[in-house]
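Below you'll find the structure I mean.
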Amino acid sequence: MSQRIKIKALLESEQTGIDIKINGWVRAFRQNRFIALNDGSTNNNIQIVVDFENTDPNLLKRITVGAAISVTGELIASLGKGQKVEIVAKDIEILGDCDPEKYPLQLKNRPSLEFLREIAHLRFRTNTFGAIFRVRNSLAFAVHQFFQERGFIYLHTPIITASDAEGAGETFHVTNFDLANPPKTESGEVDFSQDFFAKATNLTVSGQLEGELGAMALSDIYTFGPTFRAENSNTTRHLAEFWMIEPEVAFNDLNDNMDLAEDMLKYVIKYALDKNAEDIEFLTQRLAEEEKQKPQNERSEMSLLEKLQFCLDNDFERLTYTEAIDILKESTPNKKKKFQYPVEGWGTDLQSEHERYLVEKHFKKPVILTDYPKEIKAFYMRQNEPDANGRETVRAMDILFPGIGEIVGGSQREERLEKLEQRMDEMGIPKDELWWYLDTRRFGACPHAGFGLGFERLVLFVTGMGNIRDVIPFPRYPKNAEF
RNA sequence: UCCUGAAUAGCUCAGCCGGUUAGAGCAUCUGACUGUUAAUCAGAGGGUCGCUGGUUCGAGUCCAGCUUCAGGAGCCA
């Protein structure tokens with residue numbers, strides 16, 4: 001018995017006249033004769049030709065959409081149009097039956113993305129989700145390759161943490177207590193000193209603070225792991241469980257940080273374009289079909305493929321928050337009062353509509369905004385000297401992508417102990433809980449910078465999908481933890 | 001969490017001003033055909049109209065509450 005070969009390798013070799021063995025799932029069985037077989041290695045199917053007149057009818061009946069089969073036969077140049085090669089079956093074995101009356105993914109059905117989300121355990125078997133998860137895989141690999149090539153250390157920061165200090169959002173609690181009857185202190189509060197970790201713990205909302213600790217010795221580190229936010233966010237851009245990439249680099253300033261982020265994004269997008277050309281072509285078609293449903297003025301000017309290529313060919317636009325406010329104030333929609341939130345003063349955070357205007361209308365490319373007002377940013381960001389007007393900003397940077405919004409958030413960190421402590425006091429961050437973080441500012445502190453990249457938002461952008469719940473295999477969001 | 005909209009067959013949807021037995025396409029099943037590739041042709045089966053209550057002689061249709069979903073907003077990555 002010959003070794004099993006994957007369909008991707010088979011279609012690439014096109015070496016005809018040899019006997020091969022192929023395993024996969026039936027996508028279609030036409031005219032009792034032609035099987036379209038897929039094994040997930042590529043979006044393309046291989047056509048199996050069955051000699052139905054000399055095949056057991058009971059076997060033919062079991063070749064149904066979704067069934068797992070093993071085929072041995074000869075690879076030949078196709079006698080029909082539509083494919084270069086096909087397999088003339090000599091032996092077909094049913095590995096797993098699939099009852100067509102119950103199987104929801106029949107070839108000619110047009111299931112909605114919402115319906116497929118309800119059968120997420122099966123949606124990998126569609127062309128769209130096959131393509132998405134192959135692209136996701138490539139992007140994840142490319143992230144590691146990018147950092148590894150540059151000598152970064154992959155640092156595993158903890159999933160369970162005790163600090164809720166960063167203020168990055170609501171946390172999920174981690175406890176071993178019997179929730180109906182937790183031990184109480186004399187004052188009636190839950191007594192976490194008796195819990196597993198002898199203190200209140202939660203799932204991490206960010207590995208950044210621990211990442212900084214690593215960078216203060218290893219120089220260049222990155223994390224790539226799951227992150228949890230218990231925010232009641234019901235949007236196409238948020239998940240309760242998502243994967244985040246967080247590099248942290250000693251001796252980098254904000255400009256180095258921006259260069260790193262831009263290089264990384266371009267690197268991984270290019271990798272996916274090279275590695276997953278067929279999948280991205282398919283996703284480009286899918287998006288074009290979807291956009292046909294929209295009115296003309298809501299369709300994007302570029303196809304997905306063009307958008308990705310454009311992203312590689314152009315520098316991201318870099319400007320300060322203050323400059324962005326000036327542009328927005330003078331913008332047509334602001335003057336015509338088209339914004340739901342008019343841009344008036346300096347100091348408030350930008351609304352989604354403002355970010356979208358800058359990225360999609362004004363610059364028409366990815367934008368990096370820097371130097372945000374100190375008041376709207378986290379405590380650990382490095383403080384700038386006040387400007388001539390006495391405005392106080394921090395060395396923050398957000399990268400905004402078309403259709404996605406904020407994909408990266410980062411900053412140069414405040415390495416000066418005094419400034420950091422002062423800011424923590426102002427913001428009510430408990431210094432005693434973060435004694436270990438402050439120690440890095442006591443022992444050999446140095447300038448450093450880092451950022452967080454929401455991996456699913458990157459996958460959203462590269463696949464052209466519209467809902468973040470469709471680019472992670474089993475999405476976690478409010479009221480949903482099926483599968 | 002807020003705003004807006006939606007929920008009808010396995011899927012995608014139609015169902016008008018409240019009126020007999022709720023429709024279509026696809027899928028499924030049966031048969032025909034056999035170089036198809038969203039195969040084609042003929043026939044058949046398939047429904048607690050999301051849930052609870054209300055208005056009415058009569059509710060898929062109107063009203064209220066709930067649940068879930070979608071889009072937008074906030075929070076953010």
Side-chain angles (χ1 to χ4, degrees), chain A residues 27-37 44-53 60-61 64-66 78-83 86 88 98-119 122 126-127 166-170 205-208 226-246 261 293-294 298 339-341 349-356 376-378 398-401 404-410 451-461 466-470 472 477-480 482:
Chain A
R27 284 289 177 84
F29 187 31
R30 285 181 287 269
Q31 259 189 347
N32 222 13
R33 186 168 192 177
F34 302 102
I35 303 170
L37 196 70
N44 298 310
N45 302 326
I46 183 80
Q47 174 155 289
I48 315 288
V49 185
V50 183
D51 179 6
F52 63 93
E53 284 165 322
L60 291 175
K61 278 205 151 178
T64 58
V65 173
S78 178
L79 303 178
K81 289 170 185 164
Q83 59 280 317
E86 64 193 16
V88 178
C98 187
D99 183 352
E101 296 213 43
K102 294 184 180 140
Y103 189 60
L105 292 174
Q106 297 299 331
L107 179 73
K108 290 209 284 186
N109 281 354
R110 300 287 100 157
S112 61
L113 294 171
E114 293 81 32
F115 173 67
L116 291 171
R117 219 170 283 150
E118 291 171 18
I119 51 166
L122 297 175
T126 64
N127 284 330
E166 203 201 332
E170 286 291 309
V205 293
S206 163
Q208 180 201 316
T227 309
F228 309 88
R229 308 256 168 109
E231 296 289 340
N232 191 5
S233 295
N234 293 284
T235 80
T236 54
R237 305 178 307 284
H238 292 86
L239 290 165
E241 175 183 291
F242 64 100
W243 289 67
M244 193 149 65
I245 296 145
E246 296 178 290
Q293 314 293 322
K294 293 187 188 170
E298 285 177 30
F339 283 140
Q340 195 187 337
Y341 298 90
D349 213 348
L350 299 179
Q351 303 290 322
S352 293
E353 57 178 346
H354 305 144
E355 294 181 350
R356 222 176 308 127
I376 59 173
K377 286 293 182 183
D398 282 0
I399 301 185
L400 310 177
F401 262 36
I404 313 286
E406 187 179 340
I407 193 166
V408 164
F451 61 84
L453 168 83
F455 184 59
E456 282 75 18
R457 290 192 180 171
L458 174 65
V459 183
L460 257 190
F461 181 72
N467 192 319
I468 202 163
R469 296 167 185 182
D470 293 331
I472 187 168
Y477 49 95
K479 299 192 171 76
N480 199 301
E482 195 66 53

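Atom set for the values below is all heavy atoms of this structure, side chains included, hydrogens, waters and symmetry mates excluded. Letters A, B, ... mirror the listed sequences (proteins, then strands); counts begin at 1.
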Integer-rounded Å distance: B/G71 P and A/His238 NE2: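 It works out to 14 Å between those atoms.
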Between B/G74 (C1') and A/Tyr341 (OH): distance, integer Å: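 From A/Tyr341 OH to B/G74 C1': 7 Å.
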A/Ser78 vs B/G35: side-chain N/O to OP1/OP2 distance below 4.0 Å: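 For B/G35, OP1/OP2 do not have a side-chain N/O of A/Ser78 under 4.0 Å.
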- request: Check whether the ring centres of A/Phe339 and A/His354 lie less than 6.0 Å apart, and answer yes or no.
  value: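 Aromatic pair counts; centres sit under 6.0 Å.
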- prompt: Under 4.0 angstrom, heavy atoms only, what part of the nucleic acid is A/Ile404 near: base, sugar-phosphate, or nothing?
  reply: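 No contact at all - A/Ile404 keeps every heavy atom at 4.0 Å or more from the nucleic acid.
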- prompt: Which part of the nucleic acid does A/Asn234 contact within heavy-atom distance under 4.0 Å: base, sugar-phosphate only, or nothing?
  reply: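 Here A/Asn234 touches the bases of the nucleic acid.
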- request: Can you figure out which of B/A70, B/U28, B/G35 approaches the side chain of A/Gln106 most closely?
  value: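 So the side chain of A/Gln106 is nearest to B/U28.
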Lys/Arg-Asp/Glu bridge criterion (N-O < 4.0 Å) met for A/Lys377, A/Asp398: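 Here A/Lys377 pairs with A/Asp398 in a salt bridge, since their nearest N and O are under 4.0 Å apart.
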message: Just the rounded figure in Å: distance from C1' of B/C33 to CZ of A/Phe34.
response: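 Atom CZ in A/Phe34 sits about 13 Å away from atom C1' in B/C33.
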message: OP1 or OP2 of B/G72 versus the side-chain N and O atoms of A/Arg237: is any pair under 4.0 Å?
response: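 For A/Arg237, the contact criterion (side-chain N or O under 4.0 Å from OP1 or OP2 of B/G72) is not met.
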Between B/A73 (P) and A/Glu353 (CD): distance, integer Å: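 Roughly 8 Å, once rounded to whole Å.
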- request: Verify the contact: side-chain N or O of A/Lys102 to OP1 or OP2 of B/C11, cut-off strictly under 4.0 Å; return yes or no.
  value: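 A/Lys102 to B/C11 OP1/OP2: no side-chain N or O under 4.0 Å.
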message: I need the CZ-P distance between A/Phe115 and B/U8, as an integer number of Å.
response: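 It is 12 Å, rounded to the nearest whole Å.
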field: Under 4.0 angstrom between A/Ser233 side-chain N/O and B/G74 OP1 or OP2
entry: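 So the side-chain polar atoms of A/Ser233 never come under 4.0 Å of the phosphate oxygens OP1 or OP2 of B/G74.
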- prompt: Rounded to the Å, how far apart are A/Asn467 CG and B/G71 C1'?
  reply: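 These atoms are roughly 10 Å apart.
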field: A/Gln351 vs B/G74: side-chain N/O to OP1/OP2 distance below 4.0 Å
entry: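 It does, given that an N or O in the side chain of A/Gln351 lies less than 4.0 Å from OP1 or OP2 of B/G74.
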- request: Give a yes/no on whether any side-chain N or O of A/Arg356 is located under 4.0 angstrom from OP1 or OP2 of B/G72.
  value: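 No, A/Arg356 has no side-chain N/O under 4.0 Å of OP1/OP2 on B/G72.
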field: Phosphate contact (B/U36 OP1 or OP2) by A/Arg30 side-chain N/O below 4.0 Å
entry: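 Negative; the distance criterion is not met.
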query: A/Phe401 has an atom CZ; how far is it from atom C1' of B/C76, in whole Å?
result: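 In whole Å, B/C76 C1' and A/Phe401 CZ are 17 Å from each other.
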